[in-house]
There are 4 protein chains.
Amino acid sequence: MAKKKINPQELLDAAEELLLERGYSGFHFGALSEKLGIGRSTIYEYFSDKDELITAYMDQVMNRVIEDCRECAPLSGLNRLKGYLNVFLRYTQIQRIIQILPMLDLSASPEGGEAVAKLIEQHRLIHRWIVEAIEEAKSMGEIRSDQSTRLIAAMIFSSIQLPDVMQGESVTGEMVIDLLYQGLHPDNGSPNR
Amino acid sequence: MAKKKINPQELLDAAEELLLERGYSGFHFGALSEKLGIGRSTIYEYFSDKDELITAYMDQVMNRVIEDCRECAPLSGLNRLKGYLNVFLRYTQIQRIIQILPMLDLSASPEGGEAVAKLIEQHRLIHRWIVEAIEEAKSMGEIRSDQSTRLIAAMIFSSIQLPDVMQGESVTGEMVIDLLYQGLHPDNGSPNR
Amino acid sequence: MAKKKINPQELLDAAEELLLERGYSGFHFGALSEKLGIGRSTIYEYFSDKDELITAYMDQVMNRVIEDCRECAPLSGLNRLKGYLNVFLRYTQIQRIIQILPMLDLSASPEGGEAVAKLIEQHRLIHRWIVEAIEEAKSMGEIRSDQSTRLIAAMIFSSIQLPDVMQGESVTGEMVIDLLYQGLHPDNGSPNR
Amino acid sequence: MAKKKINPQELLDAAEELLLERGYSGFHFGALSEKLGIGRSTIYEYFSDKDELITAYMDQVMNRVIEDCRECAPLSGLNRLKGYLNVFLRYTQIQRIIQILPMLDLSASPEGGEAVAKLIEQHRLIHRWIVEAIEEAKSMGEIRSDQSTRLIAAMIFSSIQLPDVMQGESVTGEMVIDLLYQGLHPDNGSPNR
DNA sequence: AATGAATGAGATTTCATTCAT
DNA sequence: AATGAATGAAATCTCATTCAT
């Protein structure tokens, strides 16, 4: 009846909400159309199938993350890491989204496969940037070089989900870096440095 | 055809494999029965529906984790934290499993609801233990007291997924604690302590 | 294949046929869709489950019966009873349908429960009307007052299934009332009144 | 474990309870075995399939009814009718059971078919007896001969379900016959005859 | 004789997707 | 461009029935 005008971005926004609320399996076009107050079949005018929509959404988030990360490029070493962390803590979703990724490549239509491959590639790219920043910080003498780069990278990467674990209490990249930098050792530096 | 004997534990083991391979939405009794070479309906003799099986599986994992954590009780402060971390790093699955939890409590049958509530309670219990260990370590002077207990707890909790992020390369609780303890500051302690 | 247009009323009509042919347990959406030459899942666009469809059907029949009974309101006493009987004899189905009722309220979804409760209420309403008509007839001196109102009501109520028992041979309310009114006593009234 | 001794009659008794409680579709071997506290498969030692059990049960009821009806043979006319009515009012179940009959002959295994045919035959037999008694009563001048024998028979037959309609209040054959005999006409006979 | 365990056939239900308007 | 209506394919679930012990 009421022919509501649709804008593709609205679709992606609603998709995000739904994905985060119900996860991949609870994500139906039925629920999506209901949330938007549009007809179920209307979605097909924009995305040829479910996985394409999800992929498009994930792609969008990834692009934003990548873009934000690129803005940290001028920074160096520890500051870049801090910058990355702030980005990650802003995009809480990506953690969950990354976990949805493997569900897509099974039914992998040829083109779908490419899109997923691209996502995985971007994922690796971010990891590589972190590793580079760590190595730079090490070579600059900013951080100790006797800790495993991979482990540090992994800890920073997994910090992505801190906001989830901390349930509401806000965390910033500075806080995390401070913790990692100072360490828990009671004799490390001065408390109020 | 051949009436293969089934043991409930096999079911849970296969369920774990399937859940980790395909996630909640890719988890079907069809796939499970195929994996085990048994009739689909046989599974219903053991679990009255899909969610009950998944809940039972999660319950089992949680119980093991809790049990293993309890074994750390004799340790104190930092050592207990190290112990917990080692437990978490052993049970990589729980991270993903915790993310499946919210999918269960929607359709929540009365009893199902209880089971899920129990899981959430156990989840909180573990978090409380971590907090207690951190506070003990602080009061014992083992770690600095000017870092947020909640943030430390969150970092330890989110370390659960390190094995996932590090894709195969092994991590131990000692490594993580060492990193957190020494910190990244180049002047902290002696490198080879 | 060919997307046959469906009208909800057709569904209820076919459902009636099927219910009367095969009873509650022989009533499947499979059989229904076959009878109508439509896809099985199409039915779910109209009724969210089997019981809802059956309840909707029964509700429709009940409403018609109630409506027809209401039309007898202007009549009084014996004539109203005659009117009711004619209605009942027209809706042979309700007898069987009433027997299906108890099968529905077990699984009773919240809303389903209400629908069933409504049916039972309507059922009682009709019974009350019969009782009232009998009492009126008694007070008007149309019928003897030394017979149990409840028994008379029950006999009229159970006449509903006369068409079933008489297998094809037609019965009218007049015939039944005549039999009940004159009685079998050979000396009652004049044979050819 | 506990090997409970089973007696075939118990099975039929429990089957009756279940049939009346839940109808044909709610009648499962699972429910039956639960009610008796025996193993589900044990039932197969006594009845080779579900329909055979139901048929056996119905057969038993029918035989009892037929037998009881035969005991009315010495009576004549109106008294025999009264006798039949008393029998019917004792076996409330048969009404429901007769409605289950048609559900059996669909899957009709060859032997099952015979059993069902037998039931239908017995059903007709009873109807014939009623007709004979009515005709006898007519020829004896006990009842008016200007009322349709078939209608009278149908009314008596459908009285079977009076106990159901009257919900608990007891009815006797005498009461029904009295009502039918005296009729509702206020001038018929003396009230207290 | 009694049973627990396993299963296949079929009913119920959900949902992505297509199609005509 | 937007939608309501219809559908097939696949998943969930139930139950009569078989089989080995």
Side-chain angles (χ1 to χ4, degrees), chain A residues 1-7 25-33 36-53 107, chain B residues 1-8 25-33 36-53 107, chain C residues 1-8 25-33 36-51 53 107, chain D residues 1-7 25-33 36 38-53 107:
Chain A
M1 276 303 156
K3 297 211 174 189
K4 197 183 166 185
K5 279 269 173 180
I6 298 305
N7 156 292
S25 66
F27 179 90
H28 316 145
F29 275 17
L32 188 57
S33 65
L36 286 163
I38 63 171
R40 195 162 51 196
S41 49
T42 306
I43 304 171
Y44 287 87
E45 298 296 323
Y46 296 90
F47 300 96
S48 60
D49 69 27
K50 189 181 153 176
D51 283 357
E52 188 179 303
L53 193 164
S107 49
Chain B
M1 283 299 156
K3 299 210 171 188
K4 195 182 165 186
K5 281 259 174 173
I6 297 304
N7 154 293
S25 65
F27 180 88
H28 317 143
F29 276 16
L32 187 57
S33 66
L36 286 163
I38 61 173
R40 191 163 49 224
S41 52
T42 304
I43 304 172
Y44 287 88
E45 296 293 322
Y46 295 89
F47 300 96
S48 60
D49 67 26
K50 192 179 147 171
D51 283 358
E52 188 177 304
L53 193 163
S107 50
Chain C
M1 283 300 157
K3 298 211 170 189
K4 196 183 165 186
K5 281 261 175 175
I6 297 304
N7 155 293
S25 64
F27 180 89
H28 317 143
F29 276 15
L32 187 57
S33 66
L36 286 163
I38 62 173
R40 191 163 49 224
S41 52
T42 304
I43 304 170
Y44 286 88
E45 296 294 321
Y46 296 89
F47 300 97
S48 60
D49 66 26
K50 192 179 146 172
D51 283 357
L53 193 164
S107 50
Chain D
M1 278 303 156
K3 298 209 173 189
K4 198 182 166 185
K5 279 271 173 179
I6 299 304
N7 157 292
S25 65
F27 179 90
H28 316 146
F29 275 17
L32 187 57
S33 65
L36 286 163
I38 62 170
R40 196 162 51 199
S41 49
T42 306
I43 304 170
Y44 287 87
E45 297 296 323
Y46 296 89
F47 299 96
S48 60
D49 68 29
K50 188 180 153 175
D51 283 357
E52 187 178 305
L53 193 164
S107 50

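Here is how names work: the chains are called A, B, and so on, in the same order as the sequence lines, proteins then strands, and each is numbered from 1.
For the atom pair D/R40 CZ and D/H28 NE2, the distance stands at 11.0 Å (nearest 0.5 Å).
Within the structure, every side-chain polar atom (N or O) of A/Y44 is placed at least 4.0 Å from both OP1 and OP2 of F/dT3. The phosphate of E/dA2 has OP1 or OP2 within less than 4.0 Å of a side-chain N or O from D/Y46.
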Please lay out, stage by stage, how C/T42 and C/S33 fare under the test side chain to side chain contact (heavy atoms under 4.5 Å, CB included).
CA-CA 8 Å; C/T42 304; C/S33 66; over 6 Å; no

Show the numbers, then the answer: is there a side chain to side chain contact (heavy atoms under 4.5 Å, CB included) between A/I38 and A/I43?
CA-CA 8 Å; A/I38 63 171; A/I43 304 171; 4.1 Å; yes

Show your reasoning for whether side chain to side chain contact (heavy atoms under 4.5 Å, CB included) applies to A/L32 and A/L53.
CA-CA 11 Å; A/L32 188 57; A/L53 193 164; 3.7 Å; yes

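When the C1' atom of E/dT12 is taken as reference, atom CD1 of C/I43 falls 11 Å away, rounded to whole Å. The nearest whole Å value for the distance from the CG atom in C/L32 to the P atom in E/dG10 is 19 Å. The CD1 atom of B/I38 sits 14 Å away from the C1' atom of E/dG8 (whole-angstrom rounding). For D/K5 and E/dT3, the NZ to C1' distance is 14 Å, given to the nearest whole Å. Between A/E52 atom CD and E/dT17 atom P the separation is 10 Å, expressed in whole Å. The distance between atom CG of A/N7 and atom C1' of F/dA1, rounded to the nearest whole Å, is 14 Å. In this structure, C/I6 places its CD1 atom 16 Å from P of E/dA20, rounding to the nearest Å. Distance D/E45 CD to E/dA2 P: 7 Å, rounded to the nearest Å.
Side-chain proximity of C/H28 to the nucleotides E/dT12, F/dT7, F/dA16 is greatest for E/dT12. Side chain of D/S41, nearest nucleotide from F/dT18, F/dC15, E/dA6: F/dT18. The listed nucleotides are E/dA16, E/dT7, F/dA16; the one nearest the side chain of D/K50 is F/dA16. Checked against F/dT12, F/dA2, F/dA6, the side chain of A/R40 finds its nearest nucleotide in F/dA6.
The residue among B/T42 and A/F29 whose nearest nucleotide of DNA chain E is located toward the 5' end is B/T42.
Across the strands present, E/dT18 finds its partner in F/dA5; the criterion is a Watson-Crick or G-U wobble pair with both atom distances under 3.5 angstrom.
Taking the six-membered ring for Trp, B/F29 and B/Y44 have ring centres closer than 6.0 Å.
Counting any heavy atom pair closer than 4.0 Å across all strands shown, D/F47 reaches no nucleic acid atom.
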